[in-house]
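Data block below; observations after.
Throughout, residue positions are numbered sequentially from 1 according to the sequence presented.
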Amino acid sequence: MSEKDALQLVKQVDYLYATKGKQVIHLDLKKERPDKAALLSLLLGPTGNLRAPAIRVGRVLVIGFDVATYKTVLKK
């Protein structure tokens, strides 16, 4: 998924969870909207495409893999 498509995807969700190393960043996109550069740093990998794994559950988008985050999101 390209940069343009990734930004369109973010417009369709209310919550974003993104892993960066061992850190999980949680954004409530209804309350806060980071700038384009900050969003892209969370969404895109070194190839310029959407980082994997990526999963969308309703209005929640999870980028990267963290067991606890997946358990939380998939319970909803």
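Side chain of Arg51 to main chain of Thr19: a donor-acceptor pair is present (N/O by atom type, distance under 3.5 Å, no hydrogens or angles). Here the side chain of Lys20 pairs a donor or acceptor atom with the backbone of Ser41 at under 3.5 angstrom. Under a 3.5 Å cut-off, the side chain of Arg56 and the backbone N or O of Val62 do not form any donor-acceptor pair.
Residues Lys75 and Lys71 share a closest heavy-atom pair of CG-O, 3.0 Å.
The distance from the CG atom of Leu50 to the CD atom of Glu3 is 11.5 Å, given to the nearest 0.5 Å. Here the straight-line distance linking atom OG1 of Thr72 with atom OH of Tyr17 works out to 6.5 Å at 0.5 Å rounding. Distance check, rounded to the nearest 0.5 Å: CG of Asp66 to NZ of Lys22 gives 11.0 Å. A distance of 10.5 Å separates CG in Leu61 from CG in Leu27, rounded to the nearest 0.5 Å. Distance check: Ile25 CD1 to Ile63 CD1 gives 11.5 Å after rounding to the nearest 0.5 Å. Atom-to-atom distance recorded for Leu7:CG and Gln12:CD is 11.5 Å, nearest 0.5 angstrom.
Using cut-offs of 30° and 60° on the angle between ring planes, the pair Tyr15 and His26 is parallel.
Taking 4.5 Å as the limit, some side-chain heavy atom of Leu29 sits within range of a side-chain heavy atom of Pro34. Side-chain contact between Ile55 and Tyr70 is present, with at least one heavy-atom pair separated by less than 4.5 Å.
Under a hydrophobic-cluster definition in which Ile, Leu, Val, Met, Phe, Trp and Tyr are linked whenever side-chain heavy atoms come within less than 4.5 Å, directly or via other members, Val60 and Leu42 are assigned to different clusters. Residues Leu16 and Val67 are members of separate hydrophobic clusters, defined by side-chain heavy-atom contacts under 4.5 angstrom among Ile, Leu, Val, Met, Phe, Trp and Tyr. Hydrophobic clustering of Ile, Leu, Val, Met, Phe, Trp and Tyr side chains at less than 4.5 Å, counting indirect connections, unites Phe65 with Val24.
Only one option out of Asn49, Asp5, Val10 pairs with Leu43 in a side-chain contact (heavy atoms from CB on, under 4.5 Å); it is Val10.
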